**Q** 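Provided herewith is a single structure, encoded as structure tokens, for subsequent inquiry.
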Amino acid sequence: MEQKQRETGRESLVFAVNGQRFEVSSRLDPSTTLLEFLRTRTSFKSVKLGCGEGGCGACIALLSKYDPVRDQVEDFTVSSCLTLLCSVNGCSVSTSEGLGNSKDGFHPIHQRFSGFHASQCGFCTPGMCVSLFGALVKAGKNDQREPSPGFSKLTVVEAEKAISGNLCRCTGYRPIADACKSFAADVDIEDLGLNSFWKKEESREAKMSRLPLYDHNHEICTFPEFLKREIKSSLLLDSERYSWCTPATVEELQSLLKSIDADCKTRMKLVLSSIRRDEEGIEIGAAVTISKTIEALKEENNSEFNSECKIVFKRIALHMEKIASEFVRNTGSVGGNLVMAQRKHFPSDIATILLAAGAFVHILTGTLHEKLTLDEFLERPPLDSKSVLLNIKIPNYAASKNISSEMDSKLLFETYRAAPRPLGHALPYLNAPFLSEVSCLKSFGSAVLNKCRVVFGAYGTKHAIRAKDVENFLSGKILTIGVVYEAVKLVKANVVPEDGTPSPAYRSSLAAGYLFDFLYPLIGINSKISGVWSDEYCNTSLFKDAKIKQKYSQLDHVQLPTLLSSSKQVLELNNDHHPVGQPTKKVGAALQASGEAVFVDDIPSPTNCLHGAFIYSMKPYARVKHIKFKSKLLPDGVSGLISVRDIPKGGENRGCTTMFGTESLFADELTQYAGERLAFVVADTQKHADIASNLVEVDYDIENLEPPLLTVEEAIKRSSLLEVPLLLYPKQVGDISKGLAEADHKILSAEIKLGSQYHFYMETQTALALPYENNCMVVYSSTQCPEYAHVTIAKCLGIPEHNVRVITRRVGGGFGGKAMKAIPSTRFSVYFSLMIDLPFHFSVINRAQVSRPVRTYLNRKTDMIMAGGRHPMEITYNVGFKSNGKVTALQLDILINAGISFDRSPLMPKTILIGLKKYDWGALSFDIKVCKTNHSSKTAMRAPGEVQGSYIAEAVIEHVASTLSMDVDSVRNINFHRYESLKLFYDVASGDSVEFTLISIWNKLAESSSFKQRVEIIKEFNRCKVWKKRGISRVPIVHQVFVGPTPGKVSILSDGSVVVEVGGIELGQGLWTKVKQMAAFALSSIKCDGVENLLDKVRVLQADTLSLTQGGMTAGSTTSESSCESVRLFCAVLVERLAPLKETLQGQMGSVTWDALICKAYMESLNLSASSRYIPDFTSMHYLNYGAAVSEVEVNLLTGETTILRSDIIYDCGQSLNPAVDLGQIEGAFVQGIGFFMLEEYTTNSDGLVVADSTWTYKVPTIDTIPKQFNVEIHNSGHHQKRVLSSKASVEPPLLLAASVHCATRAAIRDARQQLHSWVCMDESYSTFNLEVPATMPKVKELCGLDNVERYLGWKMGRK
């Protein structure tokens, strides 16, 4: 694609979408993506914009290409946000709506996703469905035997891997995996989890018959016949500023390049898309996709190559499968990857592994052909405008034979990769391939390295490098421990990341560890270091030892055998209040799967609609002198900038408002933090607005200003604190001086640091504002609190509130990021906290300025920079304890980084203590300061404060146990609350003694998880294994929730159908589903014929602030139950009104149907609508939730990678209103907690600007990072009279249980450090250490020993 001005002939693009023909004019901007076209020019909205960079899978579509020569259709998934529309000319596109829909019938994929409860907010679900569909289509074309009816040719592994590149923030992936596995030919139906198709006790045959039928022989046609007739071989698309060309041959490309001036900076570099094989190797055209390359390298019929060469090719292919995700590999080319590595210093895996394989590249410049080694290509300057990368040649390697009678040679090739996610979809910390020719010296039984290639890449250098010093040292050497030791030291000297590279020492350590892992198994026949080599490697005298052969036996070990080994769900259904208590499918789940569920950005843009994008500050504290566009090349349609000066007369510069204070909408003269809103760009499309926002220049001035406050320590020094009202500050417990005096031991001034976490809702902040008559407007917003949005909009504009109407139908994930969490406290005061979705503020202001509809949809980077996230904090504590582990006193100093304004931060001390008080500390004293800093305001995120407090408690317990050299589980036990201490710490929230179920849960979990037996097994495992250690931990939670007031309205229509409105918002937590069940149950108490089908007659309406006022805020885990209770009360009112009429009709007719009763009620003008506001009484406002979890992990001591082998959870839901919904919340919260404790680093630069601002740099859990065995039991704790039908909350508390994973990791590290200590005496205690949160690979590896390989080798040499 190139920028230029010239006239040429024009042709149209012709393609199909879901069987419909589309023809697009050549005036199209070639930078238009398939996603942009589908969402703005068609009615197909199932492809969602989640990240815009191919990192989340929300926008996946199936692309089908027709080959007229072979008369075959090729189908593959693509990321439509990265796929240019011009590239789909002559192709067919299938989206989730095209697979099936509510009009034509849902596809079995949609039905199974719905039936397996695999959709919560639903924003990611269409992309998941298309990913699975692509795998089904691909598998259907292979030569495997026909599967059983209802199943596909997919294997379980393939089914799970199908969605390994898709992100979901709600479900925890387990139900999604089950839905996918239900299509697999080799699935064990008994292994599939909770679903709505069958009951657990039914036979296998019955279960299989109840699955929605899938017939792979009658799958939908992905390529319509009419399009085959319109296939064209070439395309030239030209507009005034851009052109898109698709030359079919090298000659056409050369002709094209000759016609272009050298200074035009054309970016066209790739040409050949063929694959050729000859006796010299495999030649891969530069334009061949990575996926096609993988297929070619794995082909079994490569008869030109010997077995050793095939192994090299397979290794390369297996490594490539860990690059990006399949839908990116399907369009990304090998040549493009290499050019990025050369031109942009991209950390390319492909460049690294091909460098080790000795690959060559073929470059054409004019008529000059050049064949370069990959080393030479990477070292030379970037290709100029006339040069073309034609192909890459991977040579046919073969080891030398018959070197001497003493030698038997084999070729060994291995690749390594360390990344946050095992299956890829993440840039590596380092990758390392090694190619060597190894001979066995028969007389000594020793291995000799005849020659080798040692390559490292992606570790913080411009490109992959060969460690030639290491190669030269190793070549010809007989492998001994001493040789390996020296080689490892050489590697560390050679692999030195550039300045500014994160975790440089870790990356160097990885390089040393990988070389050790490659070489050490070759030292003698008694080596017991594990490795992974293929069968062909074992058929040699190098591997005569049976144990070694077994260790090197399976090539497939490079791939995980399966992502989830198993899962189990245990629950007890409650039939007392049918259909309440039943695992009913989520309302609208099938619509979400098909993509028909409407989110805010799916609403078609009205005529003349404008779009907006933010300009935010890059400085933390500076004067803003001016804001202007820095380029005259603005996109067409940009209307201009809006800032604080443009707020309407009478309006207020009001952004987020709470009773504690107000955050400004725009920065005024001074910007207070990096990421603060400075201005807003308005344009005719979102794309143009986003482009224009990047062309803005802001002039800052910091003269005579104090330095910004960027740490809590600086805030304390300058007394920059936010006031916490006394009524919100928690009370101390007991006498701290007495408690410390009673202690046998004390730990003083111990420190903990906890970072932030980004919500990563799949749908970013979005809104649409529509002007209406008489100075009114309607706002569609993705918000958790429409009421407060309503109020703030009116105040911003200076208009009456009745002129504003805010509508919210569904939200694509919130987790507190789309609302300010409110925790009212009756008897003291009621505090409402407010956080408005930023987009609609600007939409409103734009509307006031131009009287046109305005919408905005934040791009992921802007959303991440402005979101605020979870509160970071620093904790210092003193703890006193007895010799038996019983804590007598805990004293804490906590510094909370609140950012620039109040938001909900004054509530944090209270919520931290809620989680912290789960143990009986004897006496508890604390000094909590909320620090005002020049950072973005921190806000609520799922279990805000509680998760930090609960973790602090575990860290203290772990510290006490390590100090006493006691088993940590016994220390937890001795510090458990009894009911008397529970009342002391939690006061009225503790409830009755019968409700205190934690001890019974704790003991039950020990039995169901075989905890004690596994502890002993792990001890033996760790004793036997050198480079892998396991850990296990059991963690309890006590979580206090608040039930707030909620309005509701129930109306019965003339045909007997029912409409319900509630204050709560559907965020994916199943609120509508529970409300619908409650309405059906409550109305059924009229006891007339037909009420058993009421569930299908109930519809829950979207939130509308002029229809139902005082809606409050959906937050705190309890909005579902309070909404249900409001509906139950109002249904009771309607039943009371209907009862006399029913008695009369029953006397006349004998029996009465529901429809007849309602018809008669309408005839008699009976009021069939009831609305009010449910206000819980004081005794039922607060209560405690209990749960416990056991997690087992395995840590790789060479890399720091932590694999969660198993997690068992028991959680008390009381009498669950819907076990399927609550199960999904438990699993989803737990996995989100895994992200906080193990993966997610929400980092900033030195100015406080978020730099983890994309899917490239911020890693949420994926299906390959969750527990391999995931067991959840919903504990039925009997009747709780003060609860809503005896139910309890499930949304936030289970997140705290993920600390069990962190604690288990700590246990594994402790054993690793004990082993390290046995090799070389450590300076510090091996049992007392601080494992940071999150416990990422570099942090884990550092604690296990960055030099553990050298220490081990030194120890081994010292023993000889």
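Since this is a predicted model, take the numbers as computed values, not measurements.
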**Q** Going from NE2 on H759 to OG1 on T764, what distance comes out if it is rounded to the nearest 0.5 angstrom?
**A**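 Spacing of NE2 (H759) from OG1 (T764) equals 13.5 Å.
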**Q** Check for a donor-acceptor pair, side chain of H425 on one end and backbone N or O of G165 on the other, with a separation under 3.5 Å.
**A**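 Such a contact is found between H425 side chain and G165 backbone.
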**Q** Compute the ring centroids of Y459 and Y429, then answer whether they are less than 6.0 Å apart.
**A**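 Between Y429 and Y459, which both carry aromatic rings, the centre distance is not below 6.0 Å.
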**Q** Please step through side chain to side chain contact (heavy atoms under 4.5 Å, CB included) for the pair T83 and T33, ending with a clear verdict.
**A** CA-CA 6 Å; T83 303; T33 64; over 6 Å; no
**Q** Indicate whether any N or O donor in one side chain lies under 3.5 Å from an N or O acceptor in the other, for Q120 and Q1225.
**A**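 Side-chain D/A pair, Q120 to Q1225: present.
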**Q** Less than 4.0 angstrom from a charged side-chain N to a carboxylate O is my criterion; do E321 and K298 meet it?
**A**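 The answer is yes: the pair qualifies as a salt bridge.
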**Q** Any salt bridge linking R169 with E763? Criterion: basic side-chain nitrogen under 4.0 Å from a carboxylate oxygen.
**A**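 Between E763 and R169 there is no salt bridge, as every charged N stays at least 4.0 Å from the carboxylate O atoms.
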**Q** Would you check if the distance from the ring center of Y857 to the ring center of H611 is below 6.0 Å?
**A**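 Here the rings of H611 and Y857 have centres that are no less than 6.0 Å from each other.
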**Q** Is the side chain of N1196 donor-acceptor paired with the backbone N or O of G1200 at a distance under 3.5 Å, no angle test?
**A**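 No; zero donor-acceptor contacts below 3.5 Å.
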**Q** Can you measure from OG (S119) to CG (L591) and round to the nearest 0.5 angstrom?
**A**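 If we round to the nearest 0.5 Å, S119:OG and L591:CG are 10.0 Å apart.
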**Q** Looking at S503 and Y506, would you say the former's side chain and the latter's main chain have a donor-acceptor pair under 3.5 Å?
**A**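 Side chain of S503 to backbone of Y506, a donor-acceptor pair under 3.5 Å: no, none is there.
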**Q** Do S756 side-chain atoms and R870 backbone N/O form a donor-acceptor pair below 3.5 Å?
**A**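 Flag set: sc S756 to bb R870 pair under 3.5 Å.
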**Q** Measure across A1252 and M864 and return the closest heavy-atom pair with its distance rounded to 0.1 Å.
**A**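 In this case the closest contact between A1252 and M864 is O-CE, 3.0 Å.
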**Q** Quick check: closest heavy atoms across S79 and C59, and the distance to 0.1 Å?
**A**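 So the two residues come closest at OG-SG, 3.3 Å.
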**Q** For S64 and D75, which heavy atoms make the closest approach, and how far apart are they?
**A**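 Shortest heavy-atom contact: OG-OD1, 2.5 Å.
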**Q** Taking C-beta and beyond as the side chain, do E326 and K138 meet within less than 4.5 Å on heavy atoms?
**A**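 The answer is yes, as the side chains (C-beta and beyond) meet within the 4.5 Å cut-off.
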**Q** Side-chain contact test, heavy atoms from C-beta onward, threshold under 4.5 Å: evaluate it for V681 versus I615 and give yes or no.
**A**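 Touching, per the 4.5 Å side-chain cut-off.
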**Q** I'd like to know whether F1230 forms a ring-ring contact (aromatic ring centres under 6.0 Å, His included) with F1270, so could you lay out the CA-CA distance, the side-chain angles of the two residues, the decisive distance to 0.1 Å, and finally the verdict.
**A** CA-CA 10 Å; F1230 185 82; F1270 200 178; 5.6 Å; yes
**Q** Do E160 and K181 sit within salt-bridge range, that is, some charged N less than 4.0 Å from a carboxylate O?
**A**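 Judged by the 4.0 Å cut-off on N to carboxylate O distance, E160 and K181 do form a salt bridge.
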**Q** When rounded to the nearest 0.5 angstrom, what is the spacing between OH in Y416 and CG in L510?
**A**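 CG of L510 is found 12.0 Å from OH of Y416.
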**Q** Is there a side-chain contact between L430 and F456 in this structure, where contact means two heavy atoms from C-beta onward sitting under 4.5 Å apart?
**A**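 With C-beta onward as the side chain, the pair touches.
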**Q** Quick one: does N166's side chain get under 4.5 Å of I60's, heavy atoms only?
**A**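 Counting from C-beta outward, N166 and I60 do come under 4.5 Å.
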**Q** Does the pair D602/K48 count as a salt bridge with the N-to-O cut at 4.0 Å?
**A**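 Yes, D602 and K48 are salt-bridged.
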**Q** Can you tell me if S164 and D1264 form a side-chain donor-acceptor pair at under 3.5 Å?
**A**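 No, D1264 and S164 have no side-chain donor paired with an acceptor closer than 3.5 Å.
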**Q** Just say parallel, tilted or perpendicular for the rings of W1256 and F346, cut-offs at 30° and 60°.
**A**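 Taking F346 first and then W1256, their aromatic rings stand perpendicular (interplane angle over 60°).
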**Q** So R507 and T501, side-chain hydrogen bond (donor to acceptor under 3.5 Å, both in side chains) or not? Walk me through it.
**A** CA-CA 9 Å; R507 296 170 192 255; T501 302; 5.9 Å; no
**Q** For F37, does its backbone N or O pair with a side-chain atom of T32 as donor and acceptor, under 3.5 Å?
**A**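 Between the backbone of F37 and the side chain of T32 there is no qualifying donor-acceptor contact (under 3.5 Å).
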**Q** Run the salt-bridge test on R174 and E1227 with the 4.0 Å N-O cut-off and return the result as yes or no.
**A**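 Counted as a salt bridge, because a side-chain N and a carboxylate O are separated by less than 4.0 Å.
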**Q** Side-chain contact test, heavy atoms from C-beta onward, threshold under 4.5 Å: evaluate it for V1251 versus T1257 and give yes or no.
**A**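 No, their side chains stay 4.5 Å or more apart.
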**Q** If we ignore angles and hydrogens, is there a donor and acceptor under 3.5 Å between the side chains of T1305 and H1302?
**A**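 Checked: T1305/H1302 side chains show no N/O donor-acceptor pair below 3.5 Å.
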**Q** Side-chain donor-acceptor pair under 3.5 Å between T1243 and E1241, yes or no?
**A**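 Absent: no donor and acceptor within the cut-off.
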**Q** Using a distance-only test with no angle check, is there a side-chain donor-acceptor pair under 3.5 angstrom linking D690 and S693?
**A**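 The criterion, which ignores hydrogens and geometry beyond distance, is not satisfied for S693 and D690.
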**Q** Are the side chains of H345 and M340 in contact, using a 4.5 Å heavy-atom criterion?
**A**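 The answer is no; the side chains never approach within 4.5 Å.
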**Q** Which distance, rounded to the nearest 0.5 Å, do you find between the CZ of R810 and the CD of Q592?
**A**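 Taking CZ in R810 and CD in Q592, the distance rounds to 5.5 Å.
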**Q** Is the gap between the ring centers of F815 and F760 under 6.0 Å?
**A**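 No, too far apart.
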**Q** Working note: K65 + E74, criterion salt bridge (charged side-chain N to carboxylate O under 4.0 Å, His left out); need CA distance, chi angles, decisive distance, verdict.
**A** CA-CA 5 Å; K65 291 186 176 182; E74 178 189 5; over 6 Å; no
**Q** Could you tell me if N330 and T77 have a donor-acceptor pair between their side chains, going purely by distance under 3.5 Å?
**A**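 On atom types as modelled, these side chains qualify, holding a pair under 3.5 Å.
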**Q** Quick one about E53 and T1255 (side-chain donor to acceptor, distance below 3.5 Å, no hydrogens or angles considered), yes or no?
**A**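 Short answer, yes.
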**Q** Does Q765 reach the main-chain N or O of G817 with its side chain, forming a donor-acceptor pair under 3.5 Å?
**A**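 Flag set: sc Q765 to bb G817 pair under 3.5 Å.
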**Q** To the nearest 0.5 Å, what is the distance between CG (L338) and NE2 (H463)?
**A**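 Going from the CG atom of L338 to the NE2 atom of H463 covers 12.5 Å.
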**Q** If I take atom OG1 from residue T331 and atom NZ from residue K292, how far apart are they, to the nearest 0.5 angstrom?
**A**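 Going from OG1 on T331 over to NZ on K292, the span is 13.0 Å.
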**Q** If you measure only the distance, is there a donor-acceptor pair under 3.5 Å linking the side chains of S96 and H110?
**A**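 The criterion, which ignores hydrogens and geometry beyond distance, is satisfied for H110 and S96.
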**Q** Do S782 and K818 have side-chain N/O donor and acceptor atoms under 3.5 Å apart?
**A**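 On atom types as modelled, these side chains qualify, holding a pair under 3.5 Å.
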**Q** Where do N431 and H319 land on the side chain to side chain contact (heavy atoms under 4.5 Å, CB included) test, with the steps shown first?
**A** CA-CA 10 Å; N431 46 54; H319 190 106; 4.1 Å; yes
**Q** Check P428 against A419 and note the closest heavy-atom contact, atom names and distance.
**A**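 The pair with the smallest heavy-atom distance is CA-CB, 3.9 Å.
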**Q** Is there side-chain contact between K687 and S31, with at least one heavy-atom pair below 4.5 Å?
**A**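 Yes, their side chains come closer than 4.5 Å.
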**Q** Are the side chain of R855 and the backbone N or O of V600 linked by a donor-acceptor pair below 3.5 Å?
**A**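 Yes; at least one donor-acceptor contact below 3.5 Å.
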**Q** One pair to check against ring-ring contact (aromatic ring centres under 6.0 Å, His included): F133 and F183. What are the steps and the verdict?
**A** CA-CA 10 Å; F133 178 71; F183 289 90; 10.0 Å; no
**Q** Do Y758 and E1240 get their side chains close enough for a donor-acceptor pair, meaning under 3.5 Å?
**A**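 No, E1240 and Y758 have no side-chain donor paired with an acceptor closer than 3.5 Å.
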**Q** Within the distance-only criterion (no hydrogens, no angle test), does the side chain of T856 pair as donor or acceptor with the backbone N or O of G612 below 3.5 angstrom?
**A**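 Indeed, once roles are kept as given, a pair shorter than 3.5 Å links the two residues.
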**Q** Do T783 and V811 come close enough that some side-chain heavy atom pair is under 4.5 Å?
**A**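 They are not in side-chain contact.
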**Q** Could you tell me whether D601 and R39 make a salt bridge, using a distance below 4.0 angstrom between a side-chain N and a carboxylate O?
**A**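 Answer for the salt bridge query: yes.
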**Q** If you look at every heavy atom in G813 and Y761, which pair is closest and at what distance?
**A**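 Smallest heavy-atom distance, with atoms named: O-CB, 3.3 Å.
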**Q** Any idea which heavy atoms bring G1248 and A674 closest together, and the distance?
**A**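 In this case the closest contact between G1248 and A674 is C-CB, 4.1 Å.
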**Q** May I ask you to check whether S1254 and R860 show a side-chain donor-acceptor distance below 3.5 Å?
**A**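 Note: S1254 and R860 side chains miss the donor-acceptor criterion.
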**Q** Side chains of S94 and N18 only: does a donor on one sit below 3.5 Å from an acceptor on the other?
**A**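 No, N18 and S94 have no side-chain donor paired with an acceptor closer than 3.5 Å.
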**Q** Would the distance check show the side chain of T862 and the main-chain N or O of L858 forming a donor-acceptor pair, the cut-off being under 3.5 Å?
**A**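 Judged by distance alone, no pair lies under 3.5 Å.
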**Q** If you measure from the Lys or Arg side-chain nitrogens to the Asp or Glu carboxylate oxygens, is any gap between K322 and D349 under 4.0 Å?
**A**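 So K322 does not pair with D349 through a salt bridge.
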